[in-house]
Amino acid sequence: MVPRVNSSLTMFICKRLFLNLQMEELKMDYKKQIAQSIVKALDDKLEEQAVYEKIEVPKTVNLGDYAFPIFILAKTLHKAPQMIAKDLVDQINQTNYEKVEAAGPYVNFFLDKNTFSDEVLQTVLTQNSHYGDATVGNNGKVPIDMSSPNIAKPISMGHLRSTVIGNSLANLLTKTGYQPVKINHLGDWGTQFGKLIEAYKLWGSEEEVKADPINKLLEYYVRFHKEDKDHPELDDEARKWFKKLEDGDDEAIQLWQWFRSVSLQSFKRIYDKLGITFDSYKGEAFYNDKMDEVVQILEDKKLLKESQGAEIVDLDKYNLNPALIKKTDGATLYITRDLAAAIYRKRTYDFVQSLYVVGAEQINHFKQLKAVLKEMGFDWSDDIHHIPFGLITLNGKKLSTRSGRVVLLDKVLDDAIDLAKQQIQSKNPDLKNADQVAHEVGVGAVIFHDLKNERMNSFDFDLNEVVRFEGETGPYVQYTRARAESILRKADHKVTVADLKLSDPNAWETLKFLQAFPETVLRAVREYEPSIIAKYALHLAKSFNQYYANSKVLVKDDQLNSRLALVQSVSIVLEIALNLLGVQAPSEM
RNA sequence: GGACCGGUAGCUCAGCUGGAUAGAGCAUCCGCCUUCUAAGCGGACGGUCGUGAGUUCGAAUCUCACCCGGUUCACCA
């Protein structure tokens, strides 16, 4: 049966994609071919570029693969659109197409399925895991500020977003020829360490912390906040400790380093679960000795102003509130540290772009950061991009460690892995490496859930939603690929890359999705939007599921090799797509 | 109050630099495991695209105003 509609294709092969991709020579640019056909038929009455931009993808398969709406011609030709369409069809050389027909005010182009499938499948199979690679990045370095949990606090679902989006962007950047540098900008400095040291000195023990670092440290910290209400002298002690820390007192530094390293160890266990690594763990503390220079530059450039006892940079001309550089007491602030970090990264990496995957709450902060850098005369501030994302809430309220509204990432991952294991036990009890697969599927479900929707959408946390394995989920995509692999295992035939014509209409939508992958990757990286890849993977999986539900692959006839080539191509592209998201692709599940 | 983000099916969301009858998933109901793993496939049900104007041959998509929800706006990060 022919799939009824292919509307989902529209979003991936829409014209704006091509518009912005002139630089990037796409292989298999059928749209260009069509534009040329039209221009030729019109005796150059229109520019090829103008035609190219108007070509669109129809909503349903019965309207063809590409369409040219002829409204723009109606004005100049003073004829009814329907008539123009008919005339145009007569003029077009149709030899390269299955057919070209007029439908109302549109000219619809149907590509030749044999030629198309042959070209697409050969390309995917020969390029294999490199299918979709691009060179737009020119090896430019792109530091990505991501994850950035606070020392001595647990990693929550909130951190997952930054971690997983940043990781996927890094993968996408690598694929398109950039060199990403994943930086975990740890929250490892601040007055809270004074409190933590004081709390530890009062109630803590080395054994406790060693046994369960994050929870114990958090416990001390929370207790501190409880008790300091009745004992305000605790705050004085904490302040003293932080001062000692700043002054390099041995004991303070040692404790701080210890807290930092045990925290990092437990963070790394979670990152291991997620399969995510970093290139740098330089956190806030790293910039302690780099802020004086920032203040110095600001002073030299006469940008600092005194206001209400504090030092500010006026950002009126950017329509922003002033950036507070120094507090009344002379201490520096968040933005000062970020200025130092931005400058450090420029010097260290000479980046072509510098990304910050940080929640949307900080949009204003990053606008200020860029504006101040601009004022300082650094024109590379234009290369800094804040990649904001929406808030995760719990029962509609913001997550907050203090109020106990936390969703621990580690717990969510473990729950997901357990559920995946249960699924395997009931659906595929003979699976060999079941634990490994349960891990890949469980974690994959969580990551995919976070990436499948547009970054900026907020969502309310719901465990059942996050660890769902059916419908539009990571496991659905993984399952589809596992099924494809299964067919290949049973095939008893090695696919040869030659003559891959496939005329089966059931395969048509899948073939077109395969063809659209490279431009989809470029769009995702251009928009810093991993969800574009996630949605692509879902659509490709869906179309392939429909294909093999309706067409038998393992039949010995003259198109067997072509069908297996399709199956293998789907498997290849689904694996690439999942990996771009940071999700594993098991061959069996 | 200013700035920003969002408002599309009961729920979660696609579609948004304008184009042909507005699409998925979940939920509910009904089919399909003697044929390549049913984590699948098919079907039914379900929509004044927040509201009102405007631009246009054509608006969910662009403009303006308004309504609702969220975030943020000087000494936290």
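Residue numbering restarts at 1 for every chain, and letters A, B, ... go by the order of the sequence lines. Worth saying up front: this structure is predicted, and the values here are computed from it rather than measured.
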Visitor: Charged N to carboxylate O under 4.0 angstrom, D235(A) versus K195(A)?
Guide: no

Visitor: In whole Å, what is the span from the CG atom of L564(A) to the C1' atom of C36(B)?
Guide: 10 Å

Visitor: I'd like to know if N108(A) reaches the base of A20(B) with its side chain such that a donor and an acceptor end up less than 3.5 angstrom apart.
Guide: yes

Visitor: Is the ring centre of F193(A) less than 6.0 Å from the ring centre of F242(A)?
Guide: no

Visitor: Please give, in whole Å, the distance from U28(B) C1' to E470(A) CD?
Guide: 15 Å

Visitor: E56(A) has an atom CD; how far is it from atom P of U61(B), in whole Å?
Guide: 17 Å

Visitor: Select one nucleotide: of U37(B), A14(B), C4(B), the one nearest the side-chain heavy atoms of I363(A).
Guide: C4(B)

Visitor: Counting side-chain heavy atoms from CB outward, which of U72(B), A24(B), G40(B) is closest to Y548(A)?
Guide: G40(B)

Visitor: Do the two ring centres, one from Y334(A) and one from H365(A), sit under 6.0 Å apart?
Guide: yes

Visitor: Confirm from the modelled atom types if S486(A) and C36(B) form a donor-acceptor pair under 3.5 Å, side chain to base only.
Guide: no

Visitor: Kindly point out which of C57(B), A20(B), A39(B) is positioned nearest to the side chain of Q423(A)?
Guide: A39(B)

Visitor: Check the distance between U34(B)'s C1' and K552(A)'s NZ and give it to me in whole angstrom.
Guide: 12 Å

Visitor: From the set C75(B), G6(B), U71(B), return the single nucleotide nearest to any side-chain atom of L391(A).
Guide: U71(B)

Visitor: Tell me: CD of Q546(A) to P of G42(B), nearest whole Å?
Guide: 4 Å

Visitor: Under a cut-off of 3.5 Å for both distances of each Watson-Crick or G-U pair, what dot-bracket string does RNA chain B give, using [ ] for crossing pairs and | for inter-strand pairs?
Guide: ((((((((.[[[[.)...(...]]]].(((((.......))))).....[[[[[..)....]]]]])))))))....

Visitor: Quick test of your reading of the model: are E575(A) and R481(A) salt-bridged, counting only N-O distances below 4.0 Å?
Guide: yes

Visitor: Rounded to whole angstrom units, what separation is found between the CZ atom of R481(A) and the P atom of A39(B)?
Guide: 18 Å

Visitor: Between D145(A) and K282(A), is there a side-chain N and carboxylate O pair less than 4.0 Å apart?
Guide: no

Visitor: Does a salt bridge link E375(A) with K317(A), judged by any charged N lying under 4.0 Å from a carboxylate O?
Guide: yes

Visitor: Across the strands shown, which category fits Q192(A) at heavy-atom distances under 4.0 angstrom: base, sugar-phosphate, nothing?
Guide: nothing

Visitor: Answer yes or no on whether K452(A) is positioned over the face of F448(A), meaning its NZ or CZ is under 6.0 Å from the six-membered ring centre and within 45° of the axis.
Guide: no

Visitor: Starting at the 5' end of RNA chain B, which residue's closest nucleotide do you reach first, F68(A) or N321(A)?
Guide: F68(A)

Visitor: Between Y66(A) (OH) and A20(B) (P), how many Å, whole number?
Guide: 17 Å

Visitor: Ignoring hydrogens and angles, tell me if any N or O in the side chain of S531(A) forms a donor-acceptor pair with the backbone of A534(A) under 3.5 Å.
Guide: no

Visitor: With RNA chain B as reference, determine whether T480(A) or R337(A) sits nearer its 5' end, using the nearest nucleotide of each.
Guide: T480(A)

Visitor: So for S307(A) and A74(B), does any side-chain atom that can act as donor or acceptor lie under 3.5 Å from a complementary atom in the base?
Guide: yes

Visitor: Figure out the CZ/C1' separation between R468(A) and A24(B), and round it to whole Å.
Guide: 14 Å

